[in-house]
Protein chains: 2
Amino acid sequence: MGRWEPNARERLAEAALGLYGERGYEQTTVAEIAKRAGLTERTFFRHYADKREVLFAGSRDLQELFVRAVADAPENAAPIDALALGLHAVCAVFADRRPFARARHAVITANAELRERELIKLASLSAALADTLRLRGVAEPAASLAAEAGVSVFKVGFERWIAAAEDRDLAQLVREALTELRAVAAGS
Amino acid sequence: MGRWEPNARERLAEAALGLYGERGYEQTTVAEIAKRAGLTERTFFRHYADKREVLFAGSRDLQELFVRAVADAPENAAPIDALALGLHAVCAVFADRRPFARARHAVITANAELRERELIKLASLSAALADTLRLRGVAEPAASLAAEAGVSVFKVGFERWIAAAEDRDLAQLVREALTELRAVAAGS
DNA sequence: GGGTCGATGACAGTCACTGACATCGAGAGT
DNA sequence: ACTCTCGATGTCAGTGACTGTCATCGACCC
């Protein structure tokens, strides 16, 4: 492994989230993050492409999980139902990480650069979901619109979960958001 | 006015778009932009907050135009119809600037940082539209969903306009995208 | 002709990020 | 045990985005 302690990558991510939360993103230097992790600034940039990316390391896995669940949905499932299966899979990952999700969300919403990065991650997720739906035979622009709707549903449910009382279940809040979307689409 | 020639801000924007198109965004330094505009690097940052913002100077005016058109829609107009009026107003602005829009769009899509910035501008637009709809009495989450849908419609129409033949009309392509959205929402 | 004020220039400084090269540590092979 | 290899880390110099500060210029006012 590395030259000293193991899990350098994880230590850097923890140090970064901690410092961003304590002092704010802009007031934290990469050198400080590396120091708290017992590493050097140069090593930080070997693990993360830039100062923002350290907060989004898990987004690739999450996207793959979401996409796979949609791809593995029953062939005859409607687009919105396939997306619901993906949403369920993603919710399961977050279930026991609420404190982490809360801290991370607070840091991101407090800084414009980090919000930018989150938006492009969500756009990437949306594009991947649209691709997957197209492979299931969904035509454009229905595939893209359904994918964006699915992402919006997750955003709404996730934010309510972050703000909600301890005992609320993310999966349930996301299901409720999905129900609201169905109502809006069916209504007016 | 300024120390030398007038319109320093516009000259900087022109120089930036030109250099970004010729060499690419990353290969262009702010010092080069300033030099082409006959100014210094420091003055660039007095006019634009950062190297990306020079491509998004007009987005604030565009957002205000869009929002005002929606706010001024007849009281009894449905959310989607109010948004259609806003879309129409925005299209009019672009009508005679197709070469500029094309060049700008090519530069932005070629660079991840610039795509990030565009996404946050669109998110800001969506939030402002949602606020406006709420003032018109539209409840959540219908207001946010309608606003995001309106922005998606513009994106689709705009991209087809950029890629289309010279004689296609932006307003018409946006109307077509809106029609497709209505069909998808009403369908499945 | 002098004074005021906003816009610009000049300059030093911080920090994100990169390339090049040296070095360490662990495991493989002997 | 000894050496070799190789990936991960350290070190250092450098570029460029961005900022704070102060001097200076040019237009307008009186």
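Quantities reported herein were computed from a predicted structural model and do not represent experimental measurements.
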- Take A/Arg36 and A/Glu22, measure what salt bridge (charged side-chain N to carboxylate O under 4.0 Å, His left out) needs, and give me the verdict at the end. CA-CA 13 Å; A/Arg36 177 174 289 200; A/Glu22 293 166 20; 3.1 Å; yes

Tell me the interatomic distance from [X], atom [atom1], to [N], atom [atom2], rounded to whole angstroms.
X        : N      : atom1 : atom2 : answer
B/Arg42  : C/dT14 : CZ    : C1'   : 13 Å
B/Phe45  : C/dA12 : CZ    : P     : 18 Å
A/Asp50  : C/dC15 : CG    : C1'   : 14 Å
A/Glu26  : C/dA16 : CD    : C1'   : 13 Å
B/Tyr20  : D/dA17 : OH    : C1'   : 11 Å
B/Leu12  : C/dA7  : CG    : P     : 14 Å
B/Glu32  : D/dA17 : CD    : P     : 8 Å
B/Glu113 : C/dC17 : CD    : C1'   : 11 Å

- Looking only at side-chain N and O atoms, does B/His47 come under 4.0 Å of OP1 or OP2 in C/dA7? no

- Give a yes/no on whether any side-chain N or O of B/Thr43 is located under 4.0 angstrom from OP1 or OP2 of C/dG9.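 B/Thr43 to C/dG9 OP1/OP2: side-chain N or O found under 4.0 Å.
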
- Item | Distance-only donor-acceptor test, A/Arg46 side-chain atoms vs D/dG7 base atoms, 3.5 Å | no

- Between A/Ala31 and B/Arg9, name the one whose nearest nucleotide on DNA chain C is closer to the 5' end.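 Nearest-nucleotide comparison on DNA chain C picks B/Arg9.
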
- Closest to the A/Thr40 side chain: D/dA17, C/dC17, D/dT11?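 Nearest to the side chain of A/Thr40 among the choices is D/dT11.
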
- Item | Proximity to the side chain of B/Leu39 - top-ranked nucleotide from C/dG9, D/dT9, C/dC15 | C/dG9

- For the pair A/Glu64 and A/Arg60, find out whether any cationic side-chain nitrogen is under 4.0 Å from an anionic carboxylate oxygen. yes

- With a 4.0 Å cut-off, would you call A/Arg160 and A/Glu180 a salt bridge? yes

- Message: Is it true that B/Ser144 and B/Glu148 share a donor-acceptor pair across their side chains at a distance under 3.5 Å?
- Response: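 B/Glu148 vs B/Ser144: no donor-acceptor pair found between side chains.
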
- Task: Measure centre to centre between the rings of B/Phe94 and B/Phe100, then say whether the value is under 6.0 Å.
- Result: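 So the answer is no for these two rings.
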
